[in-house]
Amino acid sequence: MTPSSTAEFATIFEIMRMSTEDGPGIRTTVFFKGCSLHCAWCHNPESISPNPQLQWVGNRCIGCRTCLSVCRENALALTESGMEIDRTRCTGCGDCADACPGTALEIMGKTWDLDDLTAEVLKDQAYFETSKGGITVSGGEPALQSEFAGQFLKALRQRGIHTALDTCGCCRREALDQVLPYSALVLFDMKLMDPVLHKKFTGHDNRRILENLHYVADYMRSHVHPSEMWIRTPLIPRATATRENIGAIGQFIGAHLRNVVSRWELCAFNNLCRDKYLRLGQRWEFEKEELLTLDFVDEMADAAKSSGVDPDMVVPTGSTRLE
Amino acid sequence: MTAVAQNITPPLKMPAGLSPRMEWLREYYFNGAERAWNNESTSWTTGTPWDVQFNEMTFYIVPETYMLMQTLLSSYRQSARPVALPPDFWAKSLAERRAWFIKEVMVKYLPAEILPGDLIAGGRFNIQASMCLTETEQAEFNRLTAGKNGARSAMNWFHNHGYGNAGATCGHLVPGYDRVLSIGWKGIYEELENFYRDLSDADRKGPKGAQLRAMMTAATLPRDLAGKYAKICERLSAGEKNSAHTTERKAELAQMAQNLKKVPWNPPETFWEAVQALWLTHMLVMSDENYPGPGVSFGRIDQYLLPFWEHSIASGMSREFGKEILKCFWIHANTAYDAMIRNGNQGITSGFGQLITLSGLGKRHGTLLDMTNDLTFAILEVIDEMSPILEPKPNIRMHRDSPDTLLDKMTDMVASSQGAPFLINFDERSMAGMMREAAMAEIGHLINKDNVHDYCPVGCLENTMAGNDRSGTVDCNLNLLKAVELAITGGKDLLPFVDPMTLKKEKIRQDGPSTGDAAAFQRWDAFWSAYRQQTAYIIRKCVDLYETSESVRARFLPTPYLSCLVKGCAEKARDVTRGAAEISFVTLEAVTFATTVDSLLAIKYLVFDEKRCTMRQLRQALEDNWEGHNVLQALAKNKAPKYGRDDDAADEMAKQVMDLWTEETWKHCTLSTGRRFRPGMLSWNYWAGDGYIMAASADGRKKGQFLSNAICPSNGADINGPTANANSVGKALGGKDFENGDWETYLNSLPNGASHTMTFNPAIIKDPAHREKFKAFLKGYAVNGGTCLQVNILDPDMLKDAQKHPQDYRHLLVRITGYNAYFTSVGRELQDEVIARLSHEQF
Ligand code: SF4
Ligand code: SF4
């Protein structure tokens with residue numbers, strides 16, 4: 001299995017049905033694998049690499065050692081502390097996952113073809129209709145598999161399904177051209193305004209992202225679709241969640257995206273993904289971080305509301321610390 | 001029947017907005033055994049040495065009581081008080097004896113009181129009355145039930161061997177209350193007289209005449225009892241002192257006396273009269289059947305009470321006072337639970353479920369419309385303000401076009417219910433099932449597209465028509481899984497039955513058809529064909545078992561009072577217990593559906609498709625209860641396909657299992673009463689209890705673990721979320737057919753309906769935006785899902801259980817921080833945090 005970005009095949013790491021947090025209504029969110037950024041706080045570490053990755057969920061393992069015998073690369077070892085996956089050897093072939101009776105071993109990232117994926121997401125069409133919901137393509141960065149994503153979104157638009165593109169904005173202009181015409185809503189991430197900090201925390205500066213943001217806004221002004229844009233800003237302690245940064249994002253929205261952006265979500269940091277890092281054998285610098293306090297989130301929301309945007313547009317989401 | 005072991009101590013949510021009257025009554029009710037007044041069952045005898053008051057067959061479907069049968073029988077016999085009989089008593093027919101006896105007890109013997117502040121009369125109704133049998137009759141009854149080859153031993157065998165249970169049970173119908181409200185008991189009496197007059201002389205002397213005379217006696221019971229209560233009200237009213245705060249009560253009592261002099265003998269005009277008439281009529285059904293609240297359901301109460309509500313509101317009744325009347329009615333319904341109040345075991349015998357139906361489609365000027373009205377909302381407010389309180393239980397009928405205002409109110413109630421389950425019936429799929437029934441049984445003149453919208457659920461969710469339908473909705477409960485076991489062994493039990501008392505091991509016998517040792521099967525088709533034959537066998541076995549109690553009930557246990565309220569009985573001059581209702585089915589409720597489907601899927605996957613093991617190995621694993629076969633068990637549990645994931649291939653198996661057992665069920669009729677069998681899926685609590693009886697199953701379940709509940713996917717199998725779960729259920733019922741639907745495009749193999757429970761995270765109702773999504777989910781369910789959904793909201797206890805048994809909760813999504821994760825796959829620390837959040841209602 002190799003990652004693919006053709007028009008017929010895509011690498012998808014999750015299909016989340018009845019998703020209620022990725023746009024209006026009841027949605028099915030399709031998570032494309034592979035991301036152009038590498039955010040230090042990323043909640044979906046399995047989304048970053050474009051390649052299928054093996055993960056091990058300890059509480060499902062029955063210790064039968066079947067996996068050890070099927071792996072041709074000798075990449076696995078079952079030790080006292082659990083399964084050790086030698087990631088330098090593992091090719092992600094999936095043989096062990098196929099054989100694992102406990103489904104403890106799983107390959108994150110499966111190849112889907114266009115027809116199958118379309119049929120799969122249409123299973124919830126009834127709920128899209130009753131809720132004015134639809135499909136969100138997310139990731140990772142769906143624009144990295146733009147040819148497929150564009151065809152997929154097009155197929156859904158043709159069936160009258162509402163579509164949303166969730167993007168970090170770090171992609172080629174041509175990639176955007178392939179997906180924008182078929183996206184009714186764009187969920188655009190704005191994380192940090194300071195290019196140096198952006199680079200520090202995500203691995204890239206934000207020049208291209210801001211250019212793309214202007215481009216999408218211009219595109220929307222001259223086209224029927226996309227008709228709506230939401231900005232999403234993760235509130236990450238000591239990174240994005242500062243008065244300066246929130247104020248600066250707000251000023252940018254106020255100055256350049258007037259009449260384009262209808263909602264600005266401030267997504268409070270969460271730590272539920274801690275185990276995902278463990279399963280992938282990765283360390284996470286926010287591992288010990290607690291949830292934000294309600295006061296702090298309110299402070300950030302105030303900063304956003306007084307930054308020059310329509311205050312009603314600012315929506316804090318996610319949970320805060322139990323007091 | 002509804003849930004077991006209901007807890008009547010009020011949980012955290014406290015009632016709101018109650019008047020001092022209602023606060024007092026409600027609190028008094030919850031004092032339980034400490035009350036001076038109660039509605040505990042009293043026992044009454046003809047005084048003969050052979051007399052029996054307790055009909056054990058009513059409890060055949062409650063396995064928890066099997067050990068108590070003899071004790072209950074003796075304790076009622078010991079405490080029975082004698083009733084003085086008229087000289088010609090024994091010369092009369094059984095139906096007449098019984099009608100007279102019940103009336104005598106209710107009017108002359110049982111004390112009658114009005115509680116302080118109460119606006120409705122009709123207090124004590126729980127009685128155990130003599131069966132009124134002669135010595136010979138009683139001996140015959142005893143032989144046919146408790147005798148060596150009687151109904152009881154047949155029922156025990158069936159249950160002990162894992163097939164399920166069956167028995168002719170009370171209630172579970174919607175009596176024709178609307179007729180009492182439109183013509184009064186007087187009108188019913190006059191009809192009976194007319195039918196009697198029309199009988200030939202010979203018929204008058206025979207059983208037909210006897211039956212109609214018994215019904216006429218019964219029809220005067222509500223009149224005479226109301227008269228007794230009217231006198232009490234007058235006396236109380238006169239006794240109230242003329243102080244300022246009692247003047248009002250005096251007037252209320254005087255009005256109650258007026259009401260009772262008029263109804264239920266004459267038809268009511270005001271709302272107060274209508275509710276009074278309804279209550280007395282209803283409670284006497286329970287007296288007649290000697291069983292508290294067994295799914296005797298009210299039907300579309302917000303429709304048939306509406307004209308009275310509107311009339312009284314228009315003539316000056318305040319909306320609040322109307323609700324006050326309803327709240328008193330609510331208190332009365334709850335006193336059904338007093339039946340065994342001192343034993344403290346309401347849980348064991350409480351097959352309660354005085355269900356009310358609210359909202360739903362109806363016809364006005366020939367157009368199908370939503371029937372939600374002001375009374376619907378008033379009733380919902382009453383429930384909300386009185387809750388937590390158990391009876392009467394609402395089942396709200398919704399459909400694709402249910403109004404937003406109703407859905408908003410429902411969502412509010414779900415949000416504040418604190419884990420109390422909430423029942424929603426879905427019209428389109430339900431009506432499709434009723435239309436299928438009409439086609440299968442050729443009763444299009446009784447159920448058709450012009451009246452099918454008047455269907456209503458009884459008990460919990462069992463769909464029937466109202467006033468002319470008794471379809472034994474809880475009488476037969478069959479474990480479909482038994483047929484898989486028999487297909488593996490070729491018609492024998494996998495494990496020998498061991499008597500729990502004597503520890504004696506029974507010899508394994510050839511019970512089902514010998515379909516051969518499955519180890520010899522080369523292809524899946526061969527296994528399926530064996531499964532087909534065994535399914536036909538277990539259904540026939542269940543039908544035969546039912547006959548043993550149905551025939552005894554038909555002979556010895558007439559209910560002439562109830563018969564007055566079921567269309568068909570007066571016309572045929574035959575009792576409702578003899579199959580006289582116009583619509584008279586027996587419902588075969590299939591239990592263990594998903595466990596059966598998943599077991600078949602696992603056998604196909606492991607033995608035939610993937611060849612991970614041989615049939616012999618699989619059988620060995622099941623005999624060993626999976627001990628020492630953990631790899632095979634894990635494969636069965638995790639790798640084999642499962643129903644409930646919206647996986648078309650797996651759901652096709654569900655559909656095949658459904659088609660097979662439902663078609664087989666329609667083939668049968670009772671011999672003694674000519675009632676046809678129809679299919680349904682309700683599993684009360686059997687999926688828990690029978691899990692200890694049935695051998696390990698091929699889906700990876702061990703003996704002792706729960707079976708699947710009604711039409712729900714197996715525990716933890718629905719890993720693709722609520723929409724996928726609902727879609728699978730809809731497909732199992734038949735899905736849609738754009739040309740030949742049963743009702744519009746909807747298909748439904750189960751006229752009775754299917755119980756489906758789903759547990760939601762409270763995050764789905766945390767704020768207005770999410771509530772909109774929840775409402776939309778329900779509307780989507782109306783398009784894709786089943787007939788009835790029980791909505792549960794996740795509570796901390798469930799999560800704590802999930803920490804202990806992660807294997808049962810793989811599907812449990814927590815959506816706490818705007819982020820989804822499977823609860824069991826996040827670390828302990830985070831799990832604890834999620835639990836803490838839920839406890840603090842902070843999502
Ligand atoms: S995915 Fe393939 S290479 Fe990697 S551990 Fe499993 S079997 Fe070995
Ligand atoms: S095959 Fe799966 S269950 Fe068995 S040891 Fe490997 S990871 Fe654990």
Side-chain angles (χ1 to χ4, degrees), chain A residues 14-21 24-29 43-44 57-66 98-104 119-120 123-133 265 267-276 278-279 290-291 294 315 317-323, chain B residues 400 612 630-639 646 648 719-727 730 761 763-764 769-770 772-785 806-807 810 813-822 824-827 829-830 833-834 836-837 839-840 842-843:
Chain A
E14 196 181 355
I15 297 172
M16 167 74 67
R17 295 171 67 170
M18 198 156 165
S19 154
T20 52
E21 313 300 324
I26 293 171
R27 309 192 74 80
T28 296
T29 304
H43 293 158
N44 289 323
V57 183
N59 68 358
R60 294 192 193 152
C61 176
I62 58 167
C64 65
R65 311 181 81 85
T66 312
D98 281 350
C100 172
T103 54
E120 182 66 20
K123 286 178 171 173
D124 280 352
Q125 187 165 1
Y127 307 91
F128 304 154
E129 284 166 9
T130 56
S131 69
K132 302 200 173 66
E265 290 185 350
C267 317
F269 167 81
N270 80 63
N271 49 16
L272 271 178
C273 55
R274 209 183 287 162
D275 305 86
K276 287 191 174 186
L278 289 176
R279 276 182 237 141
E290 281 194 73
L291 295 183
L294 183 61
V315 184
T317 67
S319 298
T320 53
R321 200 180 302 174
L322 276 183
E323 309 288 347
Chain B
R400 289 167 301 190
R612 297 277 188 138
N630 65 329
V631 174
L632 192 56
Q633 185 189 19
L635 286 168
K637 277 192 146 168
N638 306 308
K639 289 296 212 186
D646 208 359
D648 285 338
I719 54 175
N720 290 335
T723 53
N725 182 333
N727 288 358
N761 197 294
I764 191 75
H770 283 81
E772 286 305 314
K773 297 188 193 207
F774 180 67
K775 282 158 57 185
F777 171 79
L778 294 179
K779 287 210 163 180
Y781 191 96
V783 179
N784 276 12
Q807 70 284 358
R810 274 189 59 192
L813 259 185
V814 281
R815 215 169 276 215
I816 300 285
T817 55
Y819 169 91
N820 302 293
Y822 287 111
T824 54
S825 63
V826 305
E829 221 180 306
L830 284 173
E833 158 127 5
V834 169
R837 281 183 172 279
S839 317
H840 292 83
Q842 263 192 39
F843 320 117

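Just so we're on the same page: letters track the sequence lines, and every chain starts at 1. Not measured: the values here are computed from a predicted model.
For chain A, no part of B:Arg400 is nearby; none of its heavy atoms comes within less than 4.5 Å. At a 4.5 Å heavy-atom cutoff, A:Cys267 makes no contact with chain B through either its backbone or its side chain. In this structure, chain A has a heavy atom under 4.5 Å from the side chain of B:Val783, while its backbone stays farther away. For a residue to count as touching a neighbouring chain, one of its non-hydrogen atoms must lie under 4.5 Å from one of that chain's; by this rule A:Ala104 does not touch chain B.
Atoms OG1 and CD, on A:Thr130 and B:Glu772 in that order, are 11.0 Å from each other to the nearest 0.5 Å. To the nearest 0.5 Å, the span separating NZ on B:Lys775 from OG on A:Ser131 amounts to 12.0 Å. The CG atom of A:Asp124 sits 7.5 Å away from the CG atom of B:Asn784 when rounded to the nearest 0.5 Å.
Per-residue counts of heavy-atom pairs under 4.5 Å with chain B were compared for A:Cys100, A:Gly133, A:Pro24; the largest is that of A:Cys100. Options A:Thr28, A:Ile26, A:Leu278, A:Ile15 differ in how many heavy-atom pairs under 4.5 Å they form with chain B, and the most are formed by A:Ile26. Of the listed residues B:His770, B:Lys639, B:Arg612, the one with more heavy-atom pairs under 4.5 angstrom with chain A than any other is B:Lys639.
Side-chain contact between A:Ile62 and B:Gln633 is absent, with no heavy atoms from C-beta onward closer than 4.5 Å. Contact of the B:Asp646 side chain with the A:Arg17 side chain is registered, since non-hydrogen atoms from C-beta on lie closer than 4.5 Å.
Just one of B:Asn720, B:Asn725, B:Ile764 meets the side chain to side chain contact (heavy atoms under 4.5 Å, CB included) condition when paired with A:Met18; it is B:Ile764.
A search for ring pair (Phe, Tyr, Trp, His ring centres under 6.0 Å) contacts involving B:Phe774 returns B:Phe760, not counting sequence neighbours.
Between A:Cys64 and B:Val631, the shortest heavy-atom contact is CB-CG2, 3.7 Å. A:Tyr127 and B:Ala726 get closest at one heavy-atom pair: OH-CB, 3.4 Å.
At least one donor-acceptor pair closer than 3.5 Å links the side chain of B:Asn727 to the backbone N or O of A:Lys123. B:Lys773 places a side-chain N or O within 3.5 Å of a backbone atom of A:Thr20 that can act as its donor or acceptor partner.
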